[in-house]
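The structure appears below as structure tokens.
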Amino acid sequence: MIELKFPDGQVRDYPPGVTGREVAASLSKSLEKKALLVKLDGELLDLGRPLERGGAVQIVTRDSPEALEVIRHDTAHVLAEAVQELFPGTQVTIGPNVEDGFYYDFARDEPFSLDDLALIEARMRHIVDRDEPITREVWDRGEAIAHFEGIGEIYKAQIIRDIPGEEAITVYRQGGWKDLCRGPHLPSTRHVGKAFKLTKLAGAYWRGDQNNAQLQRIYGTAWASDADLAEHLKRIEEAERRDHRKIGRAMDLFHIQEEGRGMPFWHPKGWTLYRTLENYVRRRTEAAGYVEVATPQILDVSLWERSGHWAKFHDSMFVSETAEGEVLAVKPMNCPCHVEIFRQGQKSYRDLPIRMMEFGGLHRYESSGSLLGLLRVRRMVQDDAHIFCTEAQIEPESTAFIRLLQQIYADLEVELHSVKLALRPDQRFGSDEQWTIAEDTLERAANAAGVEVERIPGEGAFYGPKLEFHLRDAIGRTWQCGTLQLDYVLPERLDAAYIGEDGQKHRPVMLHRAIVGSLERFLGVLIEHHAGAFPLWLAPVQAVVATITSEGDDYAGQVAARLRRAGLRVEADLRNEKVGYKVREHSLAKVPVIAVVGRREAEEGKVALRRLGSDRQQVLPLDEAVAMLTAEATPPDLR
RNA sequence: GCCGCCUUAGCUCAGCCGGUAGAGCGGCGCAUUCGUAAUGCGUAGGUCGGGUGUUCGAGUCACCCAGGCGGCACCA
């Protein structure tokens, strides 16, 4: 007998080989009906899988998060079956889950069309209705390869070849259709349900390598219930309305045109926002002990050759040749320039750390397909700084940096999505010991600032590991904004040195760091995060003074002048329009405060304030309103 | 760069099977002075991303190019 322990603490004996289904049935008829999977000691198994040993057992039903993952994965299988029924000759490859859904990559010469998606969805529903039992089989490796090659599934055969020798090869039979899969799966296709939708069509490379064949990826979303699906679709729709490109146009912040792909034109309001952010970051950074510098936009290629960037990145640099035959490269990053400033004169260990900051305008020739609004551009300004320090200063400087970043993100009310630690890449400089120390130092520094990091192998820069601070856009894509990178290489290549306590020359360590990253990208995220409704201190237009009739014009002018003198960005709306119309218009333009003045306010020396998103009014004496708004419009670091 | 889709007035979008373009908002003009998310009337805007082809005739079909979007790849 094997001993199974249930979540409620109950322990029961069962014969070895009992299935999850039988266990569920032994508890209650209704549980047997609802059961989808069984969990044994944390491992999720098919309901029909014989249990050979005892342990903590749990019957998993539709409403559990684990079941949802399996539902999504099974929906991908149903998708694959439907595609192969409809389009014979199409090869299947892989179909993993992603956030909120799944995808499946197919190899087929002819591309799928959007119309095909509807067709495929209909067939998927049909397969769900057919209620095909899903069963697990363990196959011999050689037979499995022969089978999949025999039916022309070369990708599946390839996958089997790459499965480590000790692992079992499992094939799931779904009606008459078979797929190689680790599982687990639902008992039958009926349980997949119909709360799914195919959402997008895309190209994707086999094994993520652009040298390989391009496959066709179909994305879908799947949920445990129709209500969940509907809610998800609604969320997506709402998120799309927060798209910074739409809001940017509606608020007249910026535009991008064909002749300057990836190079935003900032309009007056957008530029006000931009400068407000820039000045805020500048103050916080200076207060943290940085010095600001400015360096050339375009430099002789020899500097980039010395730094090593020319060899590695010249394909993504803008280059110009002069009439005299010099080759100049537009700077893609500031690091070498900062090293050159460091190298001027002689530096002592007493000077370190030197924290050198620049709002550096950069140009990078990013691939055409990667450009995206403000989030991926070819022209950007980074809040770029380099900290030249000693080995011993790396950790405290790193921790201080992360604290500064946390402070700034908190002030801007954005939420950090994740922090990644990009570890040594295959091609790199430096010894393994050096890398181990560098990686561990960054992680310790992060932990000291209360940040948990996610280690990602192979993603580091060639000169050192990096911490990446990721934010999310409206539809959930993540974007690296802040970064902290450890670099032993560039000081060496560009011969940066300081005189140590011992009177000898030493190499400083260089920390590359940015908090908002590129102002363009950060503003893109910020616009989406706030849906254009910025906190008062950031809003490009902070208040509009709106009259009700022309009799309020004089007083409105005085109110606007008072607010402007107090430093607020204010517009007066004296147009001959109904006040309701003005309120609507400025609300749509996301102006945080509308100050309505009519005869009453004029007579009493007051203003009626209306906040964006609220329909209540606050009637205040002008002095009080000015004091209140001024306080609120003060950037967080100046309060 | 690769795959797919899209590209019509300032904006958002409609234009079926090919017969030389419509709406709403916005703009402009006039009237209206009206207390918190759209006052009424009038009026001007486009040759349909660019090009080539098919056709008696193309926004509508085909092809090429460009840009945008969703992915993939890339991201110092």
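Below, read A as the first sequence line, B as the second, and so on, with proteins coming before strands; counting in each chain starts at 1. The shown structure was predicted, so the numbers you read here are calculated from the model rather than taken from an experiment.
Only the C1' atoms considered, B:C13 is 11 Å distant from B:A9, to the nearest whole Å. Across B:C56 and B:C16, the matching P atoms stand 23 Å from one another, rounded to whole Å. For the C1' atoms, the distance linking B:A23 with B:G46 amounts to 14 Å, nearest Å. Look at the P atom in both B:G45 and B:G22: the space between them is 14 Å, to the nearest Å. Using atom C1' as the reference point in both B:G10 and B:C17, the two lie 33 Å apart (nearest Å). Taking atom C1' in both B:G15 and B:C74, one finds a spacing of 40 Å when rounded to whole Å. With both ends at atom C1', the span from B:A37 to B:C25 equals 15 Å, rounded to whole Å. Comparing the P positions of B:C11 and B:A73 gives an interatomic distance of 33 Å, to the nearest angstrom.
In this structure, B:G19 forms a base pair with B:C56, meeting either the Watson-Crick or the G-U wobble geometry with both donor-acceptor distances under 3.5 Å. Base-pair partner of B:A73: not found among the strands shown (Watson-Crick or G-U wobble, both distances under 3.5 Å). B:G40: Watson-Crick or G-U partner is B:C30, with both key distances under 3.5 Å. Pairing for B:G49 goes to B:C65, judged as Watson-Crick or G-U wobble with the two contacts each under 3.5 Å.
Judged purely by distance below 3.5 Å, without hydrogens or angles, the side chains of A:D300 and A:S302 pair a donor atom with an acceptor atom. Judged by distance alone, the side chains of A:H386 and A:H512 do bring a donor and an acceptor atom under 3.5 Å apart. Side-chain contact, A:R217 with A:Y219: a donor N or O sits under 3.5 Å from an acceptor N or O. Remark: the A:R513 side chain and the A:Y290 side chain contain an N/O donor-acceptor pair separated by less than 3.5 Å.
By the 4.0 Å N-to-carboxylate-O rule, A:E240 lies too far from A:K246 to be salt-bridged with it.
Between A:R343 and A:A496, the closest heavy-atom pair is CG-CA, 4.1 Å. Residues A:W266 and A:L523 approach most closely at CH2-CD1, 3.8 Å, considering heavy atoms. The minimum heavy-atom distance between A:L612 and A:A533, with the atom names listed, is CD2-CB, 3.8 Å.
If you check every strand for non-hydrogen atoms under 4.0 Å, A:P111 touches sugar and phosphate atoms only. Residue contacts shown for A:L588 include a base, since a base heavy atom lies under 4.0 Å away. Across all strands shown, A:G308 has no heavy atoms under 4.0 Å from either base or sugar-phosphate atoms. Residue contacts shown for A:Y103 are absent, as no nucleic acid heavy atom lies under 4.0 Å away. Within the 4.0 angstrom heavy-atom criterion, only backbone atoms of the sugar-phosphate kind lie near A:K466; the bases stay farther away. In this structure, A:R261 reaches the sugar-phosphate backbone alone: every heavy-atom distance under 4.0 Å involves primed, P, OP1 or OP2 atoms, never a base. As judged by a 4.0 angstrom heavy-atom cut-off over every strand, A:E601 is placed among the base-contacting residues. A:Q216 comes within 4.0 angstrom of no nucleic acid atom, judged by non-hydrogen atoms across all strands. Heavy atoms of A:R611 sit nowhere under 4.0 angstrom from any nucleic acid atom. The residue A:A204 sits close only to the backbone: its heavy atoms come under 4.0 Å of sugar-phosphate atoms, none of a base. Among the protein residues, A:A608 comes within range of the nucleic acid bases, having at least one heavy atom under 4.0 Å from a base atom. No engagement by A:S113 is indicated, since no non-hydrogen atom pair under 4.0 Å with the nucleic acid exists. No contact: A:R616 has no heavy atom under 4.0 Å from any strand. Nucleic acid contact class of A:Y463 (heavy atoms, under 4.0 Å, all strands): sugar-phosphate only.
The shortest distance between the side-chain N/O atoms of A:R249 and the OP1/OP2 oxygens of B:G10 is not below 4.0 Å. Between A:K200 and B:G71, a side-chain N or O to OP1/OP2 separation shorter than 4.0 Å is present. Contact annotation: A:Y219 reaches the phosphate of B:C72 (side-chain N/O to OP1 or OP2, under 4.0 Å). Regarding contacts with the backbone of B:G1, a side-chain N or O of A:S368 is found under 4.0 angstrom from either OP1 or OP2.
Distances from the side chain of A:S367 to the nucleotides B:A76, B:U33, B:G1 place B:G1 closest. In this structure, the nucleotide among B:A76, B:A73, B:A66 sitting nearest to the side chain of A:E258 is B:A66.
Residue A:L201 contributes atom CG, which lies 12 Å from atom P of B:C6 at whole-angstrom precision. Going from atom CD of A:Q617 over to atom P of B:A37 covers 9 Å, rounded to whole Å. Here B:A76 presents its C1' atom at 9 Å from CD of A:Q382, a figure rounded to the nearest Å. Between A:R521 atom CZ and B:A76 atom C1' there is a gap of 13 Å when expressed in whole angstrom units. Regarding A:Q210, its CD atom lies at a distance of 12 Å from the C1' atom of B:C75, rounded to whole Å. In this structure, CG of A:D252 is placed 21 Å from P of B:C25, rounded to the nearest angstrom. Across the protein-nucleic acid pair, A:Y205 atom OH and B:C3 atom C1' stand 8 Å apart, rounded to whole Å. Between A:H309 atom NE2 and B:C75 atom P the separation is 13 Å, expressed in whole Å.
Between A:S316 and A:R245, the residue whose closest nucleotide on RNA chain B is further toward the 5' end is A:R245. Each of A:C335 and A:E551 was matched to the nucleotide of RNA chain B holding its nearest heavy atom; the match closer to the 5' end belongs to A:E551.
One N or O on the side chain of A:T93 and one on the backbone of A:D105 form a donor-acceptor pair closer than 3.5 Å.
Shown for residues 574-587 of chain A: residues whose heavy atoms fall under 4.0 angstrom of RNA chain B, namely A:N576, A:E577, A:K578, A:V579, A:G580, A:Y581, A:V583, A:R584, A:S587.
Anti is the glycosidic conformation of B:G71, whose angle departs from 0 by more than 90°.
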Show the numbers, then the answer: is there a side chain to side chain donor-acceptor pair (under 3.5 Å) between A:E153 and A:Q84?
CA-CA 11 Å; A:E153 295 283 2; A:Q84 292 204 311; 2.7 Å; yes

Residue pair A:T483, A:Q485: steps toward the side chain to side chain donor-acceptor pair (under 3.5 Å) verdict:
CA-CA 6 Å; A:T483 185; A:Q485 310 177 7; 3.1 Å; yes

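Taking the six-membered ring where the residue is Trp, A:H255 and A:F265 present parallel rings, their angle staying beneath 30° rather than reaching 60°.
For A:R376 and B:C74, a side-chain-to-base donor-acceptor distance below 3.5 Å is present, hydrogens and geometry of angles not being considered.
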